[in-house]
Amino acid sequence: MAQTFDVVILGAGAAGMMCAIMAGRKGRRVLLLDHAKTPGEKIRISGGGRCNFTNIHASGRNYLSGNPHFVKSALARFTARDFLAMVEGHGIPWHEKTLGQLFCDNSAKDIIAMLMSEMKAANVEMRLQTEVNTVEKTEGGFRLATSSGPVEAKSVVVATGGKSIPKMGATGFAYDIARQFGLKLIETRPGLVPFTLDPNTLEKLAPLAGVAVDAEVRHGKTAFREALLFTHRGLSGPAILQISSFWREGDDVTISIEPDAPIADVLKAARKSNGKQAAQTVLSEILPKRLAQFFAENQGLKGHVADLSDKAIQSLAASIQSWVIRPAGSEGYRTAEVTLGGIDTQELDSKTMQAKSVPGLYFIGECVDVTGWLGGYNFQWAWSSGYACGDAL
Ligand code: FDA
């Protein structure tokens, strides 16, 4: 005999747990299933262990999606401030780090504990280490074959996330279910991911591994100004992760290091006042030493700054502040923070996340073709889409 619930939610991540809380609070009999040993594993490792749980400025402009308007309704109904109120209600200490990014003072585990306690209060039943083998439509709803036995429910919510970090149990399960029910998918690709470089460029940049600078990184009309980090594999840091979501194979990105520094003016002034210095010595007033050396050598500059023509100075400044790089690729799903693409938003009702063509079937969180910038926006989408769906069940 199959056990019967009002709602079965697949995936005990950020979106699934929020949805379970809302549906449970409304008195629905909720079963939350996950194949992992513990719920909210990505919450636990997020934000360097402190979980950047929301961004106080979250709005539609912070999301990539085939339909940029899709996120608006859910974000308006459960805002960053609403989630913050829940965090404060549980006495969790938090702080704003930068650019509206809110983090736990202590540990991301505080957020998981909060969600667990809310689920308990809402009488949500959670089954971990449970595989979902099949999901079938029945007359009254759905029938699922799971490793803990058959289950029936009026509604099924798919909240199994994207493909990022397969080592942590990420699967393409949501996409398989979408395909099974004939829903369109937007091609998936890794987002918020470091760039790799071709072997020649990597060899040239090898001495810079570990150096971090303030930079603006541009792809077409999109630019982000945050830290850039040189790594042993290529380029990383928030500015690179941000632009990676907009970048496509074969495209260039343009990097401006220390974009506010008047590099050409500083070099010209040094040429007048103390011309016997090397260009890299002057540059190291603005840039970390290793970078100053790299850019001077890259331009083949050996003599004194006094020997530099205006053209040479302009060209040196441009090599630092309009530096065009073509990444060889990205580190892929192995390290990507998110998965771009997913269930086409045209298939879903933006108020409830229900599939328009399959009543009772819902998709929330990262598996949907909605991807936030770096900075707490992805969790906010998980909370907001989970809330909208849970409230509709
Ligand atoms: P999520 O991936 O959280 O949950 C999916 C759940 O489904 C998992 O518990 C998984 O085990 C389960 N599952 C998968 N396949 C299944 C199957 N076949 N059967 C059963 N269960 C299955 N965002 C942000 O806003 N701030 C931040 O600080 C960070 N930091 C960060 C760091 C790192 C290293 C990563 C990888 C990601 C982030 N993110 C982030 C992104 C954020 O973690 C992500 O957007 C959300 O976790 C998405 O929430 P979901 O609930 O949609 O999926």
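Counting starts at 1 for both ligands and their atoms, following the listed order.
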Does an N or O anywhere in [X] fall below 3.5 Å from an N or O of ligand 1?
| X | value |
| --- | --- |
| Cys367 | no |
| Gly47 | yes |
| His35 | yes |
| Ala336 | no |

Any donor-acceptor N/O pair, Thr130 side chain to Leu128 backbone, under 3.5 Å: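 Here the side-chain-to-backbone pair exists.
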
Donor-acceptor contact below 3.5 Å, side chain Asn62 vs main chain Ser59: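 Yes.
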
is_close_aromatic(Phe294, Phe230), centroid dist under 6.0 Å: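 No, the ring centres sit 6.0 Å or more apart.
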
Which residue holds the protein heavy atom closest to [atom], what is that atom called, and what is the gap in Å?
| atom | answer |
| --- | --- |
| atom 4 (O) of ligand 1 | Gly13 CA, 3.3 Å |
| atom 30 (N) of ligand 1 | Ser46 CB, 3.3 Å |
| atom 39 (N) of ligand 1 | Glu337 OE1, 3.9 Å |
| atom 15 (N) of ligand 1 | Thr171 OG1, 2.7 Å |
| atom 25 (O) of ligand 1 | Phe379 N, 2.8 Å |
| atom 51 (O) of ligand 1 | Ala15 N, 2.9 Å |
| atom 53 (O) of ligand 1 | Gly161 CA, 3.5 Å |
| atom 44 (C) of ligand 1 | Glu366 OE1, 3.2 Å |

Is [X] in contact with ligand 1, taking contact as a heavy-atom separation below 4.0 Å?
| X | result |
| --- | --- |
| Val132 | no |
| Gly169 | yes |
| Asp34 | yes |

Does one side chain, of [X] or [Y], offer a donor that lies under 3.5 Å from an acceptor on the other?
| X | Y | value |
| --- | --- | --- |
| Thr79 | Asp82 | yes |
| Thr335 | Glu331 | yes |
| Trp94 | Glu88 | yes |

Derivation of the side-chain hydrogen bond (donor to acceptor under 3.5 Å, both in side chains) call for Ser164 and Thr339: CA-CA 6 Å; Ser164 339; Thr339 303; 2.9 Å; yes

Cation-aromatic face contact Lys154/Phe142, 6.0 Å, 45 degrees: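 No, cation not above the ring by the 6.0 Å, 45° rule.
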
Out of all atoms in ligand 1, which are within 4.0 Å of some heavy atom of [X]? Include the element for each.
| X | answer |
| --- | --- |
| Ala159 | 5 (C), 6 (C), 7 (O) |
| Phe173 | 18 (N) |
| Ala36 | 11 (O) |
| Ile45 | 34 (C) |
| Gly365 | 52 (O) |
| Asn52 | 24 (C), 25 (O), 26 (N), 27 (C), 28 (O) |
| Asn378 | 23 (N), 25 (O), 45 (O) |

Parallel, tilted or perpendicular, as decided by the 30° and 60° cut-offs, for the rings of Tyr377 and Tyr63: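 Because their plane-to-plane angle is over 60°, the rings of Tyr63 and Tyr377 count as perpendicular.
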
Going by an N to O cut-off under 4.0 Å, is there a salt bridge joining [X] and [Y]?
| X | Y | answer |
| --- | --- | --- |
| Lys184 | Asp369 | no |
| Asp252 | Arg326 | yes |
| Asp176 | Arg179 | yes |

Lys356 atom NZ: more than 12 heavy-atom contacts under 6.0 Å: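 Buried by this count: over 12 neighbours within 6.0 Å.
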
Arg233 CZ: over 12 foreign heavy atoms closer than 6.0 Å: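 Counting neighbours around CZ of Arg233, 12 or fewer heavy atoms of other residues, nucleotides or ligands fall under 6.0 Å, so no.
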
Selected option - heavy-atom contact closest to atom 36 (C) of ligand 1, from Leu32, Ile165, Thr130: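 It is Ile165 whose heavy atom sits nearest to atom 36 (C) of ligand 1.
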
Which atom of Ile364 lies closest to which atom of Gly386, heavy atoms considered: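 Shortest heavy-atom separation between Ile364 and Gly386 comes out as CD1-CA, 3.9 Å.
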
Ala170, portion touching ligand 1 at heavy-atom distance under 4.0 Å: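 It is neither; nothing of Ala170 touches ligand 1.
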
Which segment of Thr160 sits under 4.0 Å of ligand 1 when only heavy atoms are counted: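 For Thr160, the contact with ligand 1 is made by both the backbone and the side chain.
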
